[in-house]
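See structure below.
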Amino acid sequence: MKIVTQIGIIFSICWAAQIIEHLLPFAFPASVIGMVLLFILLAFGVLKVDHIREKSDFLLANMAFFFIPAGVSVINYFDILRAWVVQLLFICAVSTVITFAVTAYSMRLTVWLMERAAQRRPVRAAAQSGPVRAAVESKEEEA
């Protein structure tokens with residue numbers, strides 16, 4: 001029953017995204033709306049990760065399977081794409097480099113923010129005892 005519930009939650013979010021897409025006065029992909037909707041539900045605690053963990057892990061593990069129709073579509077239009085092969089390769093190369101750079105700098109920013117937050121956290125002397133507490137107190141005296 002748990003699996004059916006998880007599938008129902010995921011499909012309900014997809015269905016709600018489809019409805020929102022049709023109600024919007026401009027074109028916006030329902031898949032993106034669904035991801036934003038899922039994020040909002042998770043962020044505000046309306047939905048817990050455990051409510052969808054098994055099925056979402058399954059879907060992520062089998063994600064390559066879902067790209068087969070897109071790959072077949074590209075092959076169907078290969079004669080059209082052949083005329084633009086140089087431009088497509090250039091765009092792929094540039095977007096790959098940009099993606100790598102943004103990912104690297106995002107990770108650097110995340111590590112820096114985590115280190116900064118760790119430095120700002122006060123040491124809980126009450127939770128420490130014995131030699132650890134003495135070492136912390138001696139370091140505080142040195143500073």
In sequence, state the C-alpha distance, the side-chain angles, and the governing distance for I52 and I13, and then conclude on side chain to side chain contact (heavy atoms under 4.5 Å, CB included). CA-CA 11 Å; I52 57 169; I13 292 170; 5.9 Å; no
Sub-4.5 Å side-chain heavy-atom contact between L59 and F66: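 Yes; the side chains approach each other to less than 4.5 Å.
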Could you tell me the separation between the [atom1] atom of [X] and the [atom2] atom of [Y], rounded to the nearest 0.5 Å?
| X | Y | atom1 | atom2 | value |
| --- | --- | --- | --- | --- |
| C92 | Q87 | SG | CD | 11.5 Å |
| L37 | I33 | CG | CD1 | 9.0 Å |
| S73 | F78 | OG | CZ | 15.0 Å |
| I10 | T5 | CD1 | OG1 | 11.0 Å |
| K2 | H51 | NZ | NE2 | 9.5 Å |
| I75 | L81 | CD1 | CG | 10.5 Å |

Quick check: is [Y] connected to [X] through a chain of hydrophobic side chains (ILVMFWY, heavy atoms under 4.5 Å apart)?
| X | Y | answer |
| --- | --- | --- |
| V46 | V49 | yes |
| L60 | L47 | no |
| L41 | V36 | yes |
| F100 | V94 | no |
| I20 | F26 | yes |

Test side chain to side chain contact (heavy atoms under 4.5 Å, CB included) on M35 and L38 and set out the steps. CA-CA 5 Å; M35 285 188 288; L38 179 61; 5.7 Å; no
Minimum heavy-atom separation for [X] and [Y], please, with both atom names.
| X | Y | result |
| --- | --- | --- |
| I3 | E54 | CG1-OE1, 4.2 Å |
| A30 | A17 | O-CB, 3.2 Å |
| S12 | G8 | OG-O, 2.6 Å |

Does the pair T103 and T99 meet the rule for a side chain to side chain contact (heavy atoms under 4.5 Å, CB included), with working shown? CA-CA 6 Å; T103 302; T99 302; 4.2 Å; yes
Worked check of side chain to side chain contact (heavy atoms under 4.5 Å, CB included) between W112 and L109: CA-CA 5 Å; W112 180 77; L109 176 65; 4.1 Å; yes
Using a 6.0 Å cut-off, check whether atom CZ of F44 has over 12 heavy atoms from anything other than its own residue.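 Result for CZ/F44: open.
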Between D79 and R82, is the closest basic N to carboxylate O distance under 4.0 Å?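 Result for this pair is no, no salt bridge flagged.
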